[in-house]
Protein chains: 2
Amino acid sequence: MQNSEAMALSAALLAVAGDLTQRINDGVVARGFTDIRPAHGFAFARLAPDGATVTDLAAHLGVTKQAASQLVDEIVRKGYAERRPHPGDARARLVVLTERGWACTRAAEAAAAEVVERWAELLGEGEVRALREGLTRIAPYGPIRPAW
Amino acid sequence: MQNSEAMALSAALLAVAGDLTQRINDGVVARGFTDIRPAHGFAFARLAPDGATVTDLAAHLGVTKQAASQLVDEIVRKGYAERRPHPGDARARLVVLTERGWACTRAAEAAAAEVVERWAELLGEGEVRALREGLTRIAPYGPIRPAW
DNA sequence: CAGGTTGGTCAAGCAGCTTGACCATATAGT
DNA sequence: ACTATATGGTCAAGCTGCTTGACCAACCTG
């Protein structure tokens, strides 16, 4: 693989990622959640299963815990999550999604599905599945990082 | 395709994109260009062929021309590009890469090639090519947008 | 050549992050 | 049990990269 081909792949990947983010955000806004930014989505993804602490969230997002705390302040203020006492650690507080938070998460899923549907029209179901499998196998474990 | 599968694909894509950005940046830094951020790379990509005006750059990056101008200020100050009079439009100025700018671009290509090489070890050459072709076909034309 | 458009800059403001300091609770060492 | 250290969280201040708004100079159209 030549450097220029690697660059073409990288550029295409990053362009698709940026476009995907934009379209999911647009879809979420179109579904009535107008006070939310893409970064919140990644927080929701971490909160969704069982909640998480601010420190967990910070590690997942690759930011300081102060930044994560500020982000939690915001989504709590807007009604998407709430802080609860942490069972088994009186220092910590468990941040969990409210029903509104779940509704927003479902909206994001629906918006993502729309985008992927467009891809399926361009590539066919099989190639989209191949894409998903390939990307899943090279996806990193660490914190989610902004694409730039 | 279920919503949850679309979400899994989206999450994998965004995770890979963030990781790719991080690794290219690390590789560029490791090659001695320590005063550069990922956003600059996207500017370089637009400047590389024949240079561009600030307004071109702004449209390509999806930001205001003031922001683009500020970014150009920075890469000019750091020696990666220079402003020249625009042939055929006395208002405009053509921003072109310096030799240092080209060297940095080559460093980014080499860093990207390293990352793609890792992918090839995980997936095989054929699947990487399939990835590139699939992503190229769904890549948008418009401005490059941050992944979040 | 007058009127509107386009390329670019200057200036001020803001959002989201950082670093640094600090408190309360938890955990480990002796 | 008692001290020492580590960890979860917040408050405060500061910085960086973006935005909006105002403006000038050069271009283009009638």
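Chain letters run A, B, ... following the sequence lines, proteins first, then strands; residues in each count from 1.
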Quick one: which of dG8(C), dT10(D), dA25(D) gets closest to the side chain of Val54(A)? dT10(D)

Could you check whether Ala92(B) gets within reach of a base, just the sugar-phosphate, or nothing at all, counting any heavy atom under 4.0 Å? sugar-phosphate

Between Ser69(A) and dG9(D), is there a side-chain N or O to OP1/OP2 distance below 4.0 Å? no

Checking contacts here: which listed nucleotide (dG7(C), dT19(D), dG9(D)) is nearest the side-chain heavy atoms of Thr53(B)? dG7(C)

Residues Glu99(B), Arg106(B): salt bridge by 4.0 Å N-O rule: yes

Looking only at side-chain atoms of Val63(A), point me to the closest of dG7(C), dT18(C), dA26(C). dT18(C)

Ignoring backbone atoms, test whether Arg93(A) places a side-chain nitrogen or oxygen under 4.0 Å from the OP1 or OP2 oxygen of dT10(D). yes

Atom CG of Leu94(B) to atom C1' of dA26(D): distance rounded to whole Å? 17 Å

Between Arg23(B) and Asp19(B), does any NZ, NE, NH1 or NH2 come within less than 4.0 Å of an OD or OE carboxylate oxygen? yes

Side-chain N or O of Thr55(A) less than 4.0 angstrom from OP1 or OP2 on dT7(D)? no

Given atom CG of Asp73(A) and atom C1' of dC17(C), what is their separation to the nearest angstrom? 14 Å

Roughly how many Å is it from CD in Glu74(A) to C1' in dG16(C), rounded to a whole number? 9 Å

A side-chain contact here means heavy atoms from C-beta on lying under 4.5 Å apart; do Ile144(B) and Leu14(A) qualify? no

Can you figure out which of dT10(D), dT9(C), dG7(C) approaches the side chain of Arg91(B) most closely? dG7(C)

Heavy-atom side-chain contact between Val115(A) and Ser10(B) under 4.5 Å: no

Indicate, with a heavy-atom threshold strictly under 4.0 Å, whether Ala90(A) touches base, sugar-phosphate, or nothing. sugar-phosphate

So, does Thr64(B) get its side chain near the phosphate of dT19(D), meaning an N or O under 4.0 Å from OP1 or OP2? yes

Beyond-backbone contact of His40(A) with Leu71(A), side-chain heavy atoms, under 4.5 angstrom: yes

For His40(A) and dA15(C), what is the distance between atoms NE2 and C1' respectively, to the nearest whole Å? 11 Å

Gap between atoms NE2 and P, on His86(A) and dT25(C) respectively (whole Å): 15 Å

Distance below 4.0 Å between Arg37(B) side-chain N/O and dG17(D) OP1 or OP2: yes

Take atom CZ of Phe42(A) and atom P of dG16(C), then tell me their distance rounded to the nearest Å. 16 Å

Considering only heavy side-chain atoms of Gln70(B), the closest of dT7(D), dG17(D), dT19(C) is dG17(D)

Consider the side chain of Gln66(B), meaning its heavy atoms from C-beta on, and name the nucleotide among dG21(D), dT6(C), dA26(C) that approaches it most closely. dG21(D)

Could you tell me how far apart Leu61(B) (CG) and dG17(D) (C1') are, to the nearest whole angstrom? 13 Å

What do you reckon, is CZ of Arg84(A) surrounded by more than 12 foreign heavy atoms closer than 6.0 Å? no

When rounded to whole Å, the NZ to C1' distance for the pair Lys65(A) and dG20(C) reads 12 Å

